[in-house]
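Some notes on the structure that comes next.
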Amino acid sequence: MNAPRLYDNHGRLINYVRLAVTDRCNLRCFYCMPEEGIQYVAREDLLTYEEMLRLMHLLAGMGIEKVRITGGEPFVRKDMLPFLRDLCRVPGIRKVNVTTNGTLTAGRVAELQAAGIHSVNLSLDTLDPERFRRITRRDQFDAVLRTFRELLDHGMPTKLNAVVMAGKNIADILPMVELTREHPVGVRFIEEMPFNGEGSHYPVLEWNHRKIRAYIQEAYPGLEKLPDPPHSTSANYRVPGYRGTVGIIAAYSRTFCGSCNRIRLTPQGLLKTCLYDDGVFNVRDLMRHGASDEQLRDAFLSALGNRAKDGWEAEQNRTFGLPVTESMSTIGG
Ligand code: SAM
Ligand code: SF4
């Protein structure tokens with residue numbers, strides 16, 4: 001008998017899971033984590049690789065086809081590569097993608113490819129080493145650039161994620177668009193969200209998706225709108241004649257919720273049916289209390305049967321309260 005597919009109460013098919021494999025990180029990005037005072041999840045509270053693989057088998061049976069590995073920084077977790085290899089072999093999972101800060105991946109891109117990783121999103125908010133140090137509070141720019149070059153050399157489908165921050169990296173927007181002239185990469189500019197462990201940095205988000213687009217269009221009046229793939233969170237563009245593309249992600253303005261096809265699992269096994277909710281149930285606890293596959297499937301179906309229609313409603317329904325202050329390193333982006 002086939003397991004039921006994962007539909008939510010708004011008729012949206014869920015075929016994509018974002019799996020945050022750790023909350024630990026070797027950078028301290030301004031928009032993601034406070035500089036000090038971080039309380040990491042105890043190791044025994046993290047989902048084990050066995051638990052994650054069990055869940056991915058189960059979810060693949062319910063129609064999940066795509067998994068994104070995120071964190072924290074995935075590659076600070078020991079034995080990540082063997083886990084990725086196992087994950088890429090789960091029947092039904094067609095694409096395993098990784099989001100990484102690129103500090104620990106230089107010299108390992110061939111292994112990622114051999115493991116079966118389909119694409120990499122590399123977080124890089126600036127092309128200037130000093131601004132990189134100020135944003136990430138660490139001196140790792142060269143390592144990230146090495147990863148970037150290696151991704152390109154290996155022909156790995158690559159996107160660059162840049163969070164746009166007033167007063168921090170506005171001067172990088174146009175040079176990053178320029179990267180798409182030579183390189184077949186997707187450079188994506190992301191609205192800054194308040195998930196930094198402390199709460200919003202601004203009373204009103206100045207650099208929203210409209211302002212980012214207008215700023216790029218002023219420099220590139222011929223900027224072409226591209227058709228957006230189904231479920232895309234980015235509005236996509238190309239400078240005519242350039243090899244790569246430019247994406248703008250309205251992560252704070254939440255313009256894309258209507259076609260959302262994704263769920264999230266945090267490092268300690270909390271299911272989030274929206275980035276902005278505060279978790280629906282803990283699947284690790286169910287597994288450690290001996291839940292059968294059928295009980296786990298029922299728990300997922302029931303969570304999705306009661307899903308907020310968009311990120312605004314999910315935020316309003318939070319039981320931990322408002323405003324949003326978690327660190328993105330505990331969610332995975
Ligand atoms: N450590 C990896 C990395 O940086 O790529 C993976 C985890 S990180 C939380 C995933 C993505 O979330 C990154 O692309 C990062 O830029 C983005 N992100 C983190 N905090 C954010 C925030 N407050 N607003 C918007 N994007 C954020
Ligand atoms: Fe670490 Fe990624 Fe968060 Fe930066 S965005 S602090 S690299 S988890």
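Read the numbers this way: they start at 1 and go in the same order the structure lists the ligands and their atoms. Worth saying up front: this structure is predicted, and the values here are computed from it rather than measured.
The pair R181-E178 meets the salt-bridge criterion, with a side-chain N (NZ, NE, NH1 or NH2) lying under 4.0 Å from an Asp/Glu carboxylate O. A salt bridge links R131 to D172: one of the charged nitrogens lies within less than 4.0 Å of a carboxylate oxygen. Salt bridge status for R284 with E51: absent, with no side-chain N to carboxylate O gap under 4.0 Å. Of the charged side-chain nitrogens involved, none lies within less than 4.0 Å of a carboxylate oxygen, so that R28 and E35 do not count as a salt-bridged pair. The pair R54-D293 counts as a salt bridge, with a side-chain nitrogen and a carboxylate oxygen less than 4.0 angstrom apart.
Nearest protein heavy-atom neighbour of atom 11 (C) of ligand 1: T99 CG2, 4.2 Å. Of the protein's non-hydrogen atoms, M193 N, 2.9 Å is the one closest to atom 24 (N) of ligand 1. At the top of the distance list for atom 7 (S) of ligand 2, counting protein heavy atoms only, stands N101 ND2, 3.3 Å. Among protein heavy atoms, the minimum distance from atom 19 (C) of ligand 1 is reached at M328 CG, 3.4 Å. For atom 23 (N) of ligand 1, the closest heavy atom belonging to the protein is Y31 O, 2.7 Å. In terms of protein heavy-atom proximity, atom 2 (Fe) of ligand 2 is nearest to C25 SG, 4.4 Å.
Contact detail for M33 and R137: the closest heavy-atom pair is O-NH1, 2.8 Å. Contact record, V41 with R24: O-NH2, 3.0 Å, taken as the closest heavy-atom pair.
Using a 4.0 Å cut-off to heavy atoms of G71, the atoms of ligand 1 that qualify are 6 (C), 7 (C), 9 (C). Proximity to T70 (heavy-atom distance under 4.0 Å) selects the following atoms of ligand 1: 6 (C), 7 (C), 10 (C). For ligand 2, the atoms lying closer than 4.0 Å to a non-hydrogen atom of M33 are 6 (S). Against a heavy-atom cut-off of under 4.0 Å, Y31 is close to the following atoms of ligand 2: 5 (S). Heavy-atom proximity to C32, at under 4.0 Å, picks out these atoms of ligand 1: 19 (C), 20 (N). Close approach to F195 involves these atoms of ligand 1, each under 4.0 Å from a residue heavy atom: 23 (N).
No cation-pi contact links R213 to Y237, judged by a cut-off of 6.0 Å to the six-membered ring centre and 45° from its axis.
Between N101 and ligand 1 there is a heavy-atom distance shorter than 4.0 Å. Using a non-hydrogen distance threshold of 4.0 Å, M328 does not register as a contact of ligand 2.
Of the listed options S123, P74, C29, A251, S123 places a heavy atom closest to atom 13 (C) of ligand 1. Compare G197, G72, C32, A20 by their heavy atoms: the one nearest to atom 3 (Fe) of ligand 2 is in C32. Counting only non-hydrogen atoms, the option in V163, T103, N161 that gets closest to atom 16 (O) of ligand 1 is V163. Evaluated by nearest non-hydrogen atom to atom 2 (C) of ligand 1, the leading choice among R24, E326, E73, M165 is E73. If you check each of G72, G332, G333 against atom 6 (C) of ligand 1, the one with the closest non-hydrogen atom is G72.
Around atom CD of E130, more than 12 heavy atoms belonging to other residues, nucleotides or ligands sit under 6.0 Å away. By the 6.0 Å contact criterion, NZ on K78 is open, its count of non-hydrogen atoms from other residues, nucleotides or ligands being 12 or less.
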The test is ring-ring contact (aromatic ring centres under 6.0 Å, His included); show your working for F189 and W207 and say whether it passes.
CA-CA 10 Å; F189 297 103; W207 281 89; 9.8 Å; no
Trace of the salt bridge (charged side-chain N to carboxylate O under 4.0 Å, His left out) decision for K168 with E192
CA-CA 12 Å; K168 293 247 179 323; E192 184 178 347; over 6 Å; no
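At a 4.0 Å heavy-atom cut-off, ligand 1 touches T100 through the backbone alone. Both the backbone and the side chain of C29 come within 4.0 Å of ligand 2, judged by heavy-atom distances.
The aromatic ring centres of Y252 and F195 sit 6.0 Å or more apart.
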